[in-house]
Each structure stands twice: as structure tokens, then as C-alpha cells.
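The chains referred to below are lettered A, B, ... by the order of the sequence lines, with proteins before strands, and numbering in each begins at 1.
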Protein chains: 2
Amino acid sequence: MADHLHFRDAAAVVGTSQPALSSAVAALEEALGTQLVERTTRRVLLTPAGERVARHARRVLDALDDLVDEAESARRPFTGPLHLGVIPTVAPYVLPTLLRLVRDEYRELDLYVHEEQTHSLLDGLAAGRLDLLLLALPAGVPGVDEIPVYDEDFTLVVPEGHPLAGCQGVPRAQLRDMDILLLDEGHCLRDQALDVCREVGAAEAGATRAASLPTLVQLVAGGLGATLLPETAIGVETRPGSRLAVARFTDPAPYRRIGLVLRASTGRAAEFSQLAESLRQSIADLPVRVVRG
Amino acid sequence: MADHLHFRDAAAVVGTSQPALSSAVAALEEALGTQLVERTTRRVLLTPAGERVARHARRVLDALDDLVDEAESARRPFTGPLHLGVIPTVAPYVLPTLLRLVRDEYRELDLYVHEEQTHSLLDGLAAGRLDLLLLALPAGVPGVDEIPVYDEDFTLVVPEGHPLAGCQGVPRAQLRDMDILLLDEGHCLRDQALDVCREVGAAEAGATRAASLPTLVQLVAGGLGATLLPETAIGVETRPGSRLAVARFTDPAPYRRIGLVLRASTGRAAEFSQLAESLRQSIADLPVRVVRG
DNA sequence: ACGTTTGATAGGGAGTAGTTATCAGTACCC
DNA sequence: GGGTACTGATAACTACTCCCTATCAAACGT
């Protein structure tokens, strides 16, 4: 309208009829309480107020276009921010792979990694602070969906020179005769190891608990006892010179399942499923068993 | 909605019902093709896309507020731009008064003065380039309204020492015996003076025409003839030392009517009428007869 | 297991907004 | 000067949208 200064032409451009536009402009003037256009049967002019309103209207429309563009781009999956929560006993060993994956295949994904314990992650997921979690399954809370990614065995870690060092077929019952060191309360790995111990009637060694896996292995290296580590941690934590040795359990070894957790209501389920599959393919070099479905 | 994360609360704030808001959000999502909020029967969360859309929506609303504010301020008369066209034979003598008036009483008025000849002003008015004109009435074109402001007599200007110098009752017929100098074509003052001359059968002196009033009086001072000047110009153009003298015509003297001209469709008629009245009061010190209505 | 609270859905009614047809005024052209 | 064509406004009618009340189904907390 402001461009054409002609009701019929402008109406045609907008795809409506001249009376409709006419009354629309009249309604706008009524609403604003200001005359916007000067009408003659021969000429249409914008009043100064009309000029300014038209300028502002263009700004409004621009902002609307931006909004639509934003929505348009948001419709593409694997773009925009993704807040991923990862438990501390998984993060150090899987993140390198995951970050490389995102960098190579999901360039437009803004990945924010939050390393917290399971309960905190689940709270964050429910509150909307986090979008996706990578932790040990099952999460055991309602309202979430789980996508398994891989299983990893637990491995026995002992001090260098320990009788079991390098042993490939340790029966779980052997744990009863050992001092088992565990992580602090709150780490799910602690509970998982405890489960294994309880299963065979083994007990935690005294009150010594570690705040992190590196600390834990230091305790083991110091000869205070043995511990259970997930396979993915072995390569990093028991490197040569660490004064540690590993021992495998008899098949089937105890294991934990690691997977993605998302809100059941998320609407990005398909996207996350695909992400899970990409992750499975990326961790082929880790000592884990990929799990689908 | 983005603020409350709760359909019922948000609906209450907006002043509508929960189903209405629910379907509105659904419709928006449909239109944008993107999920904006995650709904649980227990919790409402914005998706990343929803966050961004909400941010953009706020910008849209801000722009709309600006628009409304703009209209609001535009509703106040005597604010914003006013493009005033003035003829050259009026501008130098009335503008000082007018500008002082605007500066003192209409501080928020952005006055732009355009000094052009009548036909150009009328074109500009019709085209919307100008909002208001100050010129000699009648304009003689359709579609415009006229507001008379004042009448000013024509005064005879002669060289110093001329037989009529200082004479207070010169009959118009006297013009027949004089060399009358006039402005260039296009100046309405030329036509007005010509009318006076024709009335009594007087003729223009040769081909000598001036482009401006100052030039014209220089010609008179140089002894090339006499001319007719509007009263408002006398004080400025025939100051002491200008080697000019004036003579008044017998009552009733020839005169011209000066007034405002606006588009009949303008919608600012009331504003301009008030401006005219202010102008009338401001020019009390000029040698004119104020005219109302 | 039950009650409360949440968002979604169904159905009906009112108001808006669009359509076509027509009017009235103006400029242009012969 | 008169006719013509084109302008925006108006009228009457229609259709649709939007909103409301009432109700439902699911999920959390007790």
C-alpha cells in the first residue's frame, strides 16, 4: 500500500480485494487513532504519520520474516543448541569420540556437555536444562525414553604384582577375598560395582571412597585394594607405568549398559535416535559391545 | 507463554482461555512447521526452536509497540515534519515572523520551508511533497482548500527624487505615464501587478524583467522606471540609503490576498486553521490587513 | 489406588472479514 | 463542455475463523 499508493494495485499484490484493503486500512487508522493516508478518488497519499507507521510496519514485517527464517532453520535437525549430560565415569572415555563425531558430521550442532552425576542429570532433563543424557541404563524414572548404545564389561583392577594380575578368567566369587575400593556416593558406577559385590557376598573395603576414577586407581596403585572399572576406562587409567594390572572376569563378565536418555515428550526422538546410531558407529574402536534398539 | 511455561496461567495473562491459547500455539507450530513447546500433562518446556522463536516474537512485539507509540505521538497536532511552500515574494518578509512563531509556540514542529514559484508549489502540494503552501489567493486549482491570512496593498516604488515620491494619493491611472518594471515570468507578483496595469491601460516597460524583488528595486533605484511592491516588502527593500521612494495609491489601493493552501483531502485542516490563526496574530506588526475565514 | 492438575479435544455460537455489486467524485479527453 | 473511465468508499451477504464451555485422558503426588 505504502509502495503502490493505489488501493486496487496494492490489494492485488496482497492477494485480496480492494474493499477488503480499504476497510483494513480504515480499521488500522481507527485503531491507531490517526489518519494514515489521504484519499482522493484520484490520488492516494501517505500522511506524515502514515510514512512513519509504514516505516515501523516494515520493521515489524522484517522481524516477522526473521522469525519465520529462524523457525525454518530450526526445522532442520542437528542444528542449534544441544545440551548433553554425561556421567563422570563415561565422559572422559567417550567424549573424545563424540566430539570428533559432532565436529565432523554435525557441524551445525552447538553441543554443550554437562558432566554431572545421574540424579542431577535426570533433574536437569526434566527441568529442560538438558536435552539429552548419556548414562548407565536403566534410568529408572518415568517420562523418559532410553536408547541403548553399548554394553561394557567391568574389569578387575589390581595393583601391579597382585596374584590375579593379568588373569583372564577370574570368577566373581573371588571378590569375596579382596578389598574392594569404590567411588563416592552418588556415582552410579559405585552402585553398579556394589551390585556385583553383593551378588557374590563381597563387601566394600572399609570407609575409603574416591571422588573420581583417577583417584580410585591411585588408591589401587597404592596397594589399598582392588576395584572394578568399566572397560572404556581401562585404556586411559591403566596405561604403562601406572603400577596397575587388570584381570578379566569369567565369561559372562558383569557389565553395564550405557545409552541415551531423553524426555518422552521431546519431539526430537528421531533426531536423537540417529545420533545414537552415529555414536554406535563411531565407538567401534572402543572395547564395548554395540547395542541396538 | 514463554514466560509462564504454563498454559492456563499464560492464557489468563493474555486474557483468553486455555483451549484458545492451546490451539493458537498449535496453529503457530503448524504454520512454522516446527515444534515450539514440549507438552507433558505435567510440564511445559520450550524447545530450542521455541526459545528462538519466542525471542524473535518479542522483537516483533517491540516493533509493534514502537509503531503504536509512533502513531500515538503522531496523533498530537503540531508535531513531526511539515513541509511548507512559500512564494519568493512572500518568504523574505513573513518567514522571520513565521519561524519565530514556530520556535516559540510549536517547538515539536519540524518545519521545512520550500521557496518556489506558485505553479511549482501547487505541483508539490498535489504530489504530496509539500503539506501546506503560503501564497497569493486564489490558487485557482481544484482539490485544494484555501485559508486567507492577510491582505496587503500594492505600493508604488519610484526612484528617489521622482515627482511622485512620498505622494499619498496616487490614482492608478497615473501608471499609464510611467515605465513599469516587473518580475520575470512565473512570479505571481508579476501577474498581479500586470492586472493592475491592464486595468488602467498601462504597459510594461520594455523587456527588462527582474528575477527577484531585490533586483527589481535595484532597477528602479537605477532610474529605469517604477514598480509595484507589496507592502510587506517596503520596509525591507526601501530602507534609508536605497535611493528609493514610495507612493501610496488612492484608497482603495490595489492589493493581493495571501493565505494558506492545503489539499482538501489532508485531514490536517483543523491543525492548519489553527496555524493560520496563530500566523495572523503574529503578523500584527506587519503593514497588512488580517483576514479571517 | 485415588484425587488433583495438566494440556488436548469436541461442539456450538458469535463476530469478523472477505466477497461481489454498486455508488459517487474527479480527471482526462475529445 | 460533456462524456467516459477510473478512483476509493459503501452496502449486503456469506463464510470462516476464532473463542468459549464442557469434557477427556494422562500423569504426578499422596
Side-chain angles (χ1 to χ4, degrees), chain A residues 1-32 35-47 50 54 119 122-123 125-128 139-146 261-267 269, chain B residues 1-31 35-47 50 54 119 122-128 139-146 261-267 269:
Chain A
M1 180 68 210
D3 295 327
H4 297 81
L5 295 179
H6 190 288
F7 273 70
R8 275 187 166 77
D9 293 352
V13 170
V14 183
T16 184
S17 66
Q18 173 265 318
L21 178 62
S22 198
S23 77
V25 172
L28 181 61
E29 288 181 330
E30 173 74 17
L32 294 178
Q35 186 181 1
L36 301 178
V37 298
E38 257 184 66
R39 308 139 162 89
T40 320
T41 55
R42 220 53 199 172
R43 187 182 304 281
V44 178
L45 288 174
L46 264 68
T47 63
H119 67 91
L122 289 170
D123 285 350
L125 185 73
V141 296
V144 302
D145 285 348
E146 306 181 349
V261 174
L262 48 138
R263 283 185 301 276
S265 58
T266 184
Chain B
M1 181 67 207
D3 294 328
H4 297 80
L5 295 179
H6 190 289
F7 273 71
R8 274 186 166 78
D9 292 352
V13 170
V14 184
T16 183
S17 65
Q18 171 264 319
L21 179 61
S22 197
S23 76
V25 172
L28 181 61
E29 289 181 330
E30 173 73 17
Q35 186 182 1
L36 300 178
V37 298
E38 255 185 66
R39 307 139 162 91
T40 322
T41 56
R42 222 55 200 170
R43 188 182 300 282
V44 178
L45 289 174
L46 264 68
T47 63
H119 66 91
L122 289 170
D123 286 350
L125 186 71
V141 296
V144 302
D145 285 348
E146 306 181 349
V261 173
L262 48 139
R263 283 185 299 277
S265 57
T266 184

Between [X] ([atom1]) and [N] ([atom2]), how many Å, whole number?
X	N	atom1	atom2	value
B:E29	C:dG7	CD	C1'	12 Å
B:H4	C:dT5	NE2	P	19 Å
B:L21	C:dT9	CG	C1'	15 Å
A:Q18	C:dG18	CD	C1'	13 Å
B:L45	C:dG7	CG	P	11 Å

Is it the case that the side chain of [X] and the backbone of [Y] share a donor-acceptor pair, with hydrogens and angles ignored and the cut-off at 3.5 Å?
X	Y	value
A:R8	A:H6	no
B:E146	B:V261	no
A:R263	A:A126	no
A:S23	A:A20	yes

For A:V44 and for B:A24, locate the closest nucleotide of DNA chain D by heavy-atom distance; then report the residue assigned to the nucleotide nearer the 5' terminus. A:V44
Is any side-chain N or O of A:S17 closer than 4.0 Å to OP1 or OP2 of C:dT19? yes
On DNA chain C, compare the nucleotides closest to B:G143 and B:R8; which residue's is nearer the 5' end? B:R8
Outermost contacting nts on DNA chain D, any atom under 4.0 Å from chain A heavy atoms, listed 5' then 3', are D:dC6 to D:dC28
For B:Q35 and B:T47, the nearest pair of non-hydrogen atoms, with its separation, is O-OG1, 2.9 Å
A:S265 and B:E38: side-chain donor and acceptor closer than 3.5 Å? yes
Describe the nucleic acid contact of B:A20 in one word from base, sugar-phosphate, nothing, applying a heavy-atom distance below 4.0 Å. sugar-phosphate
Please work out if A:T40 contacts a base, only the sugar-phosphate, or nothing of the nucleic acid, heavy-atom cut-off 4.0 Å. sugar-phosphate
Out of C:dA8, C:dG18, C:dG7, which has the shortest distance to the side chain of B:R39? C:dA8
Less than 4.5 Å apart, side chain to side chain, heavy atoms only: is that true for A:H4 and A:V44? no
